[in-house]
Protein chains: 2
Amino acid sequence: MQTLSTEDYLKAIYHVSQSSSGAVATTSIAKQIGAKPSSVTDMFKKLSDQNLVKYQKYQGVSLTNEGVKTALRIIRKHRLWESFLVSHLNFNWDEVHQVAEQLEHIQSEKLTNELERFLDYPTHDPHGDPIPNRALFMKTYNKILLTELPVNKECVCVGVKDNSSDFLRYLDRRQIGIGTPLQVLHREDFDDSLHIQAGKSTLMITKKTAENIYVKS
Amino acid sequence: MQTLSTEDYLKAIYHVSQSSSGAVATTSIAKQIGAKPSSVTDMFKKLSDQNLVKYQKYQGVSLTNEGVKTALRIIRKHRLWESFLVSHLNFNWDEVHQVAEQLEHIQSEKLTNELERFLDYPTHDPHGDPIPNRALFMKTYNKILLTELPVNKECVCVGVKDNSSDFLRYLDRRQIGIGTPLQVLHREDFDDSLHIQAGKSTLMITKKTAENIYVKS
DNA sequence: AAAAAAATTTAGACTTGTCTAAATTTGTTA
DNA sequence: TAACAAATTTAGACAAGTCTAAATTTTTTT
């Protein structure tokens with residue numbers, strides 16, 4: 001049974017370890033959590049005492065099996081709640097994160113499993129991220145960034161890298177969402193901007209936009 | 001913006017003040033919260049500093065208007081979540097309390113209001129307790145204890161006084177729930193036990209049971 | 001490889017909410 | 001109404017989680 005704080009740390013460590021290789025550094029967690037590095041060191045020690053991370057002074061941490069499981073349980077709840085908020089409570093995909101950050105800490109296996117059933121066992125959340133099932137297994141498809149897609153190849157938007165409200169609302173205005181069919185019509189060599197087909201409309205997006213959109217073909 | 005703990009105290013003070021008159025005593029809150037009286041005194045001072053209660057040393061507390069509002073906002077969330085758990089997530093009425101105790105602290109007006117809409121503006125929770133609406137107003141009907149009902153008068157079960165699992169599961173086994181039509185067929189003078197009609201079956205209940213069932217006629 | 005910079009840890013302090021034990025106030029009873 | 005009992009408060013301590021400032025280790029640069 002974890003405290004709110006340890007759960008936040010485990011989740012942060014999991015996310016950082018996913019997007020970089022090797023041990024997770026003190027500073028990266030400090031940034032993610034919004035705490036000072038000294039506080040992070042303190043917490044690393046506590047997590048280590050509980051065998052949730054492997055910690056060596058000055059060398060960062062890595063999650064143990066138990067730590068991974070705990071992190072995935074929280075991520076599972078987070079993404080199930082996000083799905084619920086969007087599908088039944090009229091939240092937009094840029095509004096759900098803050099509330100899900102709270103809901104992910106609710107302790108009740110029955111609640112989580114019943115929520116999953118109620119939502120009909122969703123495999124991905126509103127941002128396209130995979131939802132761990134009861135056994136904490138999740139289906140990841142072979143997604144690539146839109147920048148890596150060959151010109152004229154058809155694909156479908158399956159997720160985003162940047163989850164900021166600014167970006168998500170921008171996509172909303174461009175009518176791009178999870179499931180939208182996309183196709184690169186032309187890549188401009190000058191500034192790497194792309195002319196794309198998005199659903200029924202054609203539009204221009206910058207390189208920065210394209211490298212924050214995941215697609216599968 | 002309150003902490004988990006202050007919210008628990010405000011709710012406890014509200015509940016105790018509803019079931020007794022005058023100021024709320026330190027000990028009664030200590031019992032309700034499961035803390036020592038000295039801790040309660042500390043918290044009374046903090047709540048008083050925030051103008052959520054009126055506190056006079058050795059004289060207990062009473063909620064200010066702001067304190068009542070805060071308590072009702074928590075109770076509103078608690079009862080909405082209980083309703084959700086029972087109506088959509090297959091929880092029984094004796095299982096919801098513990099989870100709702102956690103969910104009631106989630107901070108998001110949009111969430112609360114959308115949940116209320118999703119549930120179609122329920123006026124009472126699974127135990128028959130009234131749910132404050134957005135304006136924190138709640139409809140209380142003129143309920144009486146089953147012990148006070150005249151023999152042969154028809155009525156409907158609208159709530160329970162004791163919310164323990166033991167009692168609620170007992171009622172489940174007897175097939176008595178919110179909305180069940182009840183009628184006292186005979187009151188036994190010897191031990192105050194009652195023969196009642198509950199829905200389609202007749203059964204005997206003790207005085208103790210009858211004085212924990214609310215009905216309206 | 002020495003010096004400088006960056007990252008990390010330690011030490012000591014603070015806040016919140018809790019506790020125990022002792023002191024004080026209120027109430028109850030003889 | 002004096003003495004006792006019960007309720008309440010105070011004083012001092014503790015745990016969790018955080019911070020700042022200083023010390024230490026690692027990494028990078030010259």
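Every chain is numbered from 1, with letters handed out A, B, ... down the list of sequences.
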Side chain of B:Ser39 only, please: which of D:dG17, C:dT9, C:dC19 is the nearest? C:dC19
From the options A:Tyr141, A:Tyr214, A:Trp93, select the one residue that forms a ring pair (Phe, Tyr, Trp, His ring centres under 6.0 Å) with A:His124. A:Tyr141
Ranking C:dT18, D:dG17, D:dC19 by distance to the side chain of A:Ala35, first place goes to D:dC19
Interatomic distance, B:Lys31 NZ vs D:dA7 P [rounded to whole Å]: 7 Å
Measuring from atom CD of A:Gln107 to atom CD of B:Gln98, what distance do you get when rounded to the nearest 0.5 angstrom? 9.5 Å
Rounded to whole Å, how long is the line connecting atom NZ of A:Lys46 with atom C1' of D:dG17? 5 Å
Closest to side chain of B:Ser38, choosing from D:dT25, C:dT20, C:dT18: C:dT20
Of A:Leu4 and B:Lys57, the one whose closest DNA chain D nucleotide lies more 5': B:Lys57
Which part of the nucleic acid, if any, lies within reach of A:Phe44 when heavy atoms closer than 4.0 Å are counted: base, sugar-phosphate only, or nothing? nothing
Side chain of A:Thr26, heavy atoms from C-beta onward: which of C:dG17, D:dT18, C:dT9 has the nearest atom to it? C:dT9
D:dT10, OP1 or OP2 - any side-chain N/O from B:Lys45 closer than 4.0 Å? yes
Calculate the interatomic distance between A:Asp42 atom CG and C:dA13 atom C1'; express it in whole Å. 13 Å
Could you tell me how far apart A:Gln59 (CD) and C:dT9 (P) are, to the nearest whole angstrom? 9 Å
Options C:dT18, D:dT18, D:dT24, nucleotide nearest the side-chain atoms of B:Tyr9: C:dT18
Between C1' on D:dC19 and CD1 on A:Ile33, what's the gap in Å once rounded to a whole number? 16 Å
Check the angle between the aromatic planes of B:Trp81 and B:Phe84 and answer parallel, tilted or perpendicular using the 30° and 60° thresholds. perpendicular
Would the base of C:dT18 count as contacting B:Ser5 through its side chain, where contact means a donor and an acceptor less than 3.5 Å apart? no
Cation-aromatic face contact B:Lys110/A:Phe91, 6.0 Å, 45 degrees: yes
In terms of side-chain heavy atoms of B:Thr3, which of C:dT26, C:dT9, C:dG17 is nearest? C:dG17
Earlier contact from the 5' end, DNA chain D, for B:Thr41 and A:Gly34: B:Thr41
Output the rounded distance in Å from OH (A:Tyr58) to P (D:dT24). 9 Å
Hey, can you tell me if A:Phe118 and B:His88 have their rings parallel, tilted or perpendicular (30° and 60° cut-offs)? perpendicular
Which of the following nucleotides, C:dC19, D:dA16, C:dT26, is nearest to the side chain of B:Lys36? C:dC19
Could you state the atom-to-atom distance from CD1 of A:Ile29 to C1' of C:dA7 in whole Å? 14 Å
